[in-house]
Amino acid sequence: MTVTLADVAARAQVSPATVSRVLNGNYPVAASTRERVLKAVDELDYVLNGPASALAAATSDLVGILVNDIADPFFGIMASAIQAEIGGPGGRAGGERLAVVCNTGGSPERELTYLTLLQRQRAAAVVLTGGAVENEPHAAAVASKLRKLTEAGTRVVLCGRPPAPDTGAIALTFDNRGGGQRLTEHLIGLGHRRLGYIAGPEERTTTRHRLEGHRAALAAAGIEEDPRWTVWGRYDRQAGYEATLELLRRDPSLTAVVAANDSVALGACAALRESGLRIPADVSVAGFDDLPFSVDAVPALTTVRLPLAEAGARAGRIAMGREEPPPGGIATVRGELMVRGSSGVPRG
């Protein structure tokens, strides 16, 4: 049953005119009233009617791209590649489509808000990039939003994100476990047995999967992991710097540091140099993603290359209906180990 403006007004205990004013933002409304209306809109899952031209079609010419942090090259590369595939004719009446990049800042609440806004605007497609938040209520809420989007005719693609079963979303998921395992296997193959690990935010699927790959490699080599060897932090340089100093404080005998991503690895390198340690003569360092600056680091970073631009472009083509979805709606994108100067044989 379709929810109407009158339904929202009844739930919020205001007039339909007040609901209209809140949603259109063209007339001052008391903050408390606005909050009640928006709460009712969310509870009833009300979809705002767009322009008259959009009402004639199932969707509009709007395409939403959700990222955690557009300033992070990991997300910027994917968003740019997605947007490049969205440009050009293909909208209604042969017109252009409008791509809108939605920066969540890593906030689960913002993610849900953007999905709701895109649903109200009858977006033609929505692409969600990067890992998901591991929180059961949030995951259920996101799945509900994705299901409603696809049922309304919106194409939904997950790029670098685990599948969302029973939602109709297409998933191009990164093999973070496999990449993490190959990276640590490389270091173990060089002779390292005391490896520190800087993990990302605990609530992210990417963090868990990369750490699981690392631990699988340790277990396969018969190396018992010391709890002191893992530190958690953000996916940025400062977190890598601080975490490495903490790892050295906990165990100065570490011979390698595996970082959650390349930005974290740069911070680790800075901390090691300031501590008077040479890379890789004293401590080897490895990252993940192979972001553009990785090859220019001194020494160049050993890392796992994820084909971010290629995956983003494919997600964009699928979202625009110019490429068939993978069989079963899921494809695994594998990374490539890039061995460079930051990893070497451990000191005697």
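Residue indices begin at 1 and follow the sequence shown.
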Could you check whether any side-chain heavy atom of [X] comes within less than 4.5 Å of a side-chain heavy atom of [Y], counting everything from C-beta outward?
| X | Y | answer |
| --- | --- | --- |
| T244 | L272 | yes |
| Y235 | D69 | no |
| L248 | L277 | yes |
| I65 | C159 | no |
| N135 | P108 | no |
| R193 | T255 | no |

Looking only at heavy atoms, what is the nearest atom pair of [X] and [Y], with distance?
| X | Y | result |
| --- | --- | --- |
| S284 | G344 | OG-N, 2.9 Å |
| A171 | P163 | CB-CA, 3.7 Å |
| T167 | A143 | CG2-O, 3.7 Å |
| A319 | V127 | CB-CG2, 4.0 Å |
| A286 | A265 | O-CB, 4.1 Å |
| R194 | S253 | NE-OG, 2.7 Å |

To the closest 0.5 Å, what do you measure between [atom1] ([X]) and [atom2] ([Y])?
| X | Y | atom1 | atom2 | value |
| --- | --- | --- | --- | --- |
| K39 | L44 | NZ | CG | 11.5 Å |
| W229 | E224 | CH2 | CD | 8.5 Å |
| T116 | R120 | OG1 | CZ | 6.0 Å |
| I188 | I223 | CD1 | CD1 | 4.0 Å |
| R182 | R334 | CZ | CZ | 7.5 Å |
| R215 | E225 | CZ | CD | 4.5 Å |

Without swapping roles, check the side chain of [X] against the backbone of [Y] for a donor-acceptor pair under 3.5 Å.
| X | Y | result |
| --- | --- | --- |
| T104 | V67 | yes |
| R177 | E212 | no |
| T184 | Q181 | no |
| R204 | G106 | yes |
| R314 | E323 | no |
| R34 | V29 | no |
| S144 | A140 | no |
| T173 | T332 | no |
| T207 | P201 | yes |
| R210 | N176 | no |

Distance-only donor-acceptor hits, side chain of residues 296-311, under 3.5 Å, sequence neighbours excluded:
{"residue": "T302", "atom": "OG1", "partner": "R340", "partner atom": "N", "Å": "2.9"}
{"residue": "T302", "atom": "OG1", "partner": "R340", "partner atom": "O", "Å": "3.0"}
{"residue": "T302", "atom": "OG1", "partner": "S343", "partner atom": "OG", "Å": "2.7"}
{"residue": "T303", "atom": "OG1", "partner": "D262", "partner atom": "OD1", "Å": "2.8"}
{"residue": "T303", "atom": "OG1", "partner": "F288", "partner atom": "N", "Å": "3.0"}
{"residue": "T303", "atom": "OG1", "partner": "D289", "partner atom": "N", "Å": "3.4"}
{"residue": "T303", "atom": "OG1", "partner": "D290", "partner atom": "N", "Å": "3.4"}
{"residue": "R305", "atom": "NH2", "partner": "E310", "partner atom": "OE2", "Å": "3.1"}

Quick test of your reading: applying salt bridge (Lys or Arg N to Asp or Glu O under 4.0 Å), list the pairs with at least one residue in [range], sequence neighbours left out, ordered by first then second residue.
| range | value |
| --- | --- |
| residues 156-168 | E111-R161 |
| residues 148-157 | D45-K148 |
| residues 127-138 | E134-R208 |

To which residues is [X] joined in a hydrophobic cluster, defined by side-chain heavy-atom contacts under 4.5 Å among Ile, Leu, Val, Met, Phe, Trp and Tyr, whether direct or through other members?
| X | value |
| --- | --- |
| L146 | L62, L66, L98, V100, L112, Y114, L115, L117, L118, V126, L128, V142, L149, V156, L158 |
| L245 | Y241 |
| M338 | none |

Shared ILVMFWY cluster between [X] and [Y], side chains joined below 4.5 angstrom?
| X | Y | value |
| --- | --- | --- |
| L266 | V295 | no |
| V258 | V264 | yes |
| L172 | I330 | no |
| V285 | W232 | yes |

For residues 74-84, run the donor-acceptor check on the side chains, cut-off 3.5 Å, and write out each pair with its distance to 0.1 Å, sequence neighbours left out.
none

Next on the checklist: My understanding is that only residues two or more places apart in sequence, or in another chain, count here; which of them pass side chain to side chain contact (heavy atoms under 4.5 Å, CB included) with E246?
Outcome noted: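 Once residues adjacent in sequence are excluded, the partners of E246 under the side chain to side chain contact (heavy atoms under 4.5 Å, CB included) criterion are V231, R249, R250.
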Next on the checklist: Suppose we screen for side chain to side chain contact (heavy atoms under 4.5 Å, CB included). Which residues come up paired with A6, at least two apart in sequence or across chains?
Outcome noted: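 Counting only residues at least two positions away or on another chain, A6 forms a side chain to side chain contact (heavy atoms under 4.5 Å, CB included) with T4.
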Item to check | Pairs satisfying ring-ring contact (aromatic ring centres under 6.0 Å, His included), at least one member in residues 176-200, at least two apart | outcome: Y197-H214
Item to check | side-chain hydrogen bond (donor to acceptor under 3.5 Å, both in side chains) against R11, all qualifying residues, sequence neighbours excluded | outcome: E43
